[in-house]
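Structure record follows, encoded as structure tokens.
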Amino acid sequence: MSYLAIVDLGSNSARMVVEELHDDGTYTELIREKQDTRIAQNMGHDLILKELPIARTILALKYFQTKYASFKPEVRAITTAAVRMAVNQAEFLARVKFETGIEFQVLTGEEEAHYDYLGVMSTLTVDEAVILDTGGASVEIIAVSNGKNIADVSLPFGAVSLSEQFNLANDINQSDIQLACDSILEQYGTLPWLSKNQHKPVILLGGANRSLARMGSIALGTMSVNNFHGFSMTVEQVATIFEEIRYMTRSQREHIAGLEVTRADIIVSGLLPLLNLMYTINAPKVIFSESGVREGLIAETIKNNG
């Protein structure tokens with residue numbers, strides 16, 4: 001028996017899990033923590049990580065350490081799009097290592113998509129699907145056929161970056177939503193394999209999609225808001241929720257059942273990658289997965305230690 005701590009620094013939030021790894025190849029989650037760090041906030045076109053988000057992030061990392069230190073675990077620390085794109089990446093990583101001792105692996109977009117695939121396949125029975133992981137500053141899309149990853153990509157837009165670029169945080173001009181959709185569809189159009197995956201369900205990962213699961217489960221009265229692994233919605237149900245929130249003020253969005261107040265400024269932008277993907281491939285439904293990059297890392301660690 002051994003322990004594994006995974007620190008996952010995304011563009012919008014930082015997450016940490018502690019897993020007890022058993023000799024038979026299974027594992028038990030002992031701790032799960034999340035902090036809204038928003039490391040991507042105000043990066044802008046200069047792609048510079050700013051001081052306030054950096055300071056928030058370091059405080060969160062120090063907090064995580066207090067939670068996992070007693071287990072003396074193997075620590076795997078990963079970070080994704082915002083740090084991957086940042087021009088001051090090296091300075092940030094050096095400061096984090098100096099102040100916390102944590103050494104981060106910066107995942108490439110391809111690695112992030114690979115771990116998403118491993119995480120989904122380890123917990124859901126999937127033969128034909130398109131996986132979508134919507135993060136703060138990137139989306140990963142993986143086409144699955146006969147249970148195999150046949151194509152994947154990481155695209156440089158996400159819930160935070162779309163919100164900032166197209167002014168979708170507060171009271172929204174509907175024409176700005178259309179501009180964001182045009183931009184997303186233009187980038188989807190560069191993927192010739194995407195439109196060939198018609199009528200496949202979309203498997204959803206990422207914070208914005210978790211928010212959708214919570215809002216959907218409450219609206220449908222079907223399940224606990226904290227247990228949505230395998231929960232599905234039709235595209236019509238997704239579209240109905242989006243049509244309701246797109247016309248709301250930020251204040252109104254802050255009071256939506258199932259939506260965290262801290263996501264009220266990025267929920268509209270966070271659902272746009274999904275909306276446009278659904279219509280591009282004529283998906284019949286979406287399926288929510290709580291397993292993604294972190295579970296992919298666990299599966300890889302167990303395999304390597306076996």
Side-chain angles (χ1 to χ4, degrees), residues 8-15 34-54 56-57 78-89 92 104 106-113 116 131-141 152-191 204-212 242 245-246 250 253 259-260 262-277 280 292-293:
D8 179 2
L9 176 57
S11 304
N12 186 59
S13 61
R15 296 172 184 269
K34 174 192 168 218
Q35 296 278 304
D36 291 317
T37 47
R38 281 241 184 143
I39 191 65
Q41 189 173 38
N42 297 324
M43 286 182 70
H45 296 297
D46 295 332
L47 297 178
I48 296 173
L49 299 172
K50 298 299 194 296
E51 175 58 30
L52 184 58
I54 289 174
R56 268 200 311 262
T57 297
I78 58 166
T79 186
T80 50
V83 177
R84 182 165 65 230
M85 295 186 294
V87 297
N88 57 338
Q89 174 195 119
F92 169 71
F104 275 92
V106 182
L107 296 185
T108 66
E110 292 72 20
E111 288 172 331
E112 191 172 357
D116 277 335
I131 300 170
L132 173 68
D133 181 357
T134 305
S138 73
V139 297
E140 283 66 49
I141 305 174
D152 59 46
V153 70
S154 179
L155 298 174
F157 58 83
V160 176
S161 56
L162 287 170
S163 179
E164 292 181 355
Q165 182 180 354
F166 294 100
N167 303 307
L168 302 177
N170 299 308
D171 298 354
I172 297 171
N173 187 323
Q174 297 302 304
S175 63
D176 287 330
I177 292 180
Q178 187 58 53
L179 289 174
C181 289
D182 292 343
S183 176
I184 292 168
L185 288 171
E186 181 179 2
Q187 294 184 69
Y188 284 174
T190 66
L191 310 173
L204 293 176
L205 313 172
N209 296 324
R210 281 189 290 270
S211 295
L212 173 63
F242 182 77
I245 67 173
R246 68 182 294 170
R250 178 169 176 170
R253 294 195 301 274
L259 179 64
E260 297 171 88
T262 55
R263 288 189 176 272
D265 61 331
I266 57 173
I267 186 58
V268 172
S269 56
L271 293 183
L272 291 180
L274 168 61
L275 267 292
N276 287 282
L277 177 62
T280 296
V293 168

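Since we're looking at a predicted model, the values are computed, not measured. Keep in mind that the numbers below use all heavy atoms, side chains included, and drop hydrogens, waters and symmetry copies. The chain is numbered in sequence order, starting from 1.
- Remark: the backbone N or O of N170 is not paired with any side-chain donor or acceptor of R250 at under 3.5 angstrom.
- Between T190 and V153 the shortest side-chain heavy-atom distance does not fall below 4.5 Å.
- For the pair K34 and D36, the salt-bridge criterion is met [side-chain N within less than 4.0 Å of a carboxylate O].
- Between the S211 side chain and the G207 main chain, a donor and an acceptor come within less than 3.5 Å of each other.
- Here the rule is side-chain hydrogen bond (donor to acceptor under 3.5 Å, both in side chains) with R84, and of Q89, E111, E112 only E112 fits it.
- Contact annotation: the side chain of V83 never approaches that of F104 to less than 4.5 Å [non-hydrogen atoms, C-beta and beyond].
- I172 places none of its side-chain heavy atoms less than 4.5 Å from the side chain of F166.
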Original post:
I184 and L162: side-chain contact (heavy atoms from CB on, under 4.5 Å), yes or no, with the steps?
Top reply: CA-CA 9 Å; I184 292 168; L162 287 170; 3.9 Å; yes
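- Expressed to the nearest 0.5 Å, how far CD of E51 lies from CD1 of I48 amounts to 13.0 Å.
- Within the 4.5 Å cutoff, the side chain of L132 has heavy atoms near those of the V139 side chain.
- Taking all atoms of both residues into account, the shortest heavy-atom contact from N88 to L47 is OD1-O, 4.1 Å.
- The backbone N or O of Q41 lies less than 3.5 Å from no partner atom in the side chain of E164, so there is not a single donor-acceptor pair.
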**OP:** Please assess L49 against M43 for the test side-chain contact (heavy atoms from CB on, under 4.5 Å), listing each intermediate value before the final yes or no.
**Re:** CA-CA 6 Å; L49 299 172; M43 286 182 70; 3.8 Å; yes
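- Residues R38 and I266 meet the side-chain proximity criterion, which asks for heavy atoms closer than 4.5 Å.
- Counting only distance, with no hydrogens or angles, the side chain of S11 and the backbone of G135 share no donor-acceptor pair below 3.5 Å.
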**OP:** Using the side-chain contact (heavy atoms from CB on, under 4.5 Å) rule, take F92 and I39 through it: C-alpha gap first, then chi angles, then the decisive distance, then the call.
**Re:** CA-CA 11 Å; F92 169 71; I39 191 65; 4.0 Å; yes
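- At least one side-chain heavy atom of I141 sits less than 4.5 Å from a side-chain heavy atom of Y188.
- Using modelled atom types, one side-chain atom of S269 and one backbone atom of A159 make a donor-acceptor pair closer than 3.5 Å.
- With hydrogens and angles ignored, the 3.5 Å screen pairs no side-chain donor or acceptor of S161 with any backbone N or O of F157.
- Partners of T80 by side-chain hydrogen bond (donor to acceptor under 3.5 Å, both in side chains), not counting sequence neighbours: none found.
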**OP:** Just do the side-chain contact (heavy atoms from CB on, under 4.5 Å) check on L168 and I177 with the steps written out, would you?
**Re:** CA-CA 7 Å; L168 302 177; I177 292 180; 3.9 Å; yes
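- Under a 3.5 Å cut-off, the side chain of R56 and the backbone N or O of T37 do form a donor-acceptor pair.
- Between the side chain of R253 and the backbone N or O of A169, at least one donor-acceptor pair lies under 3.5 Å.
- Surrounding CD of Q174 are more than 12 heavy atoms belonging to other residues, nucleotides or ligands, all under 6.0 Å away.
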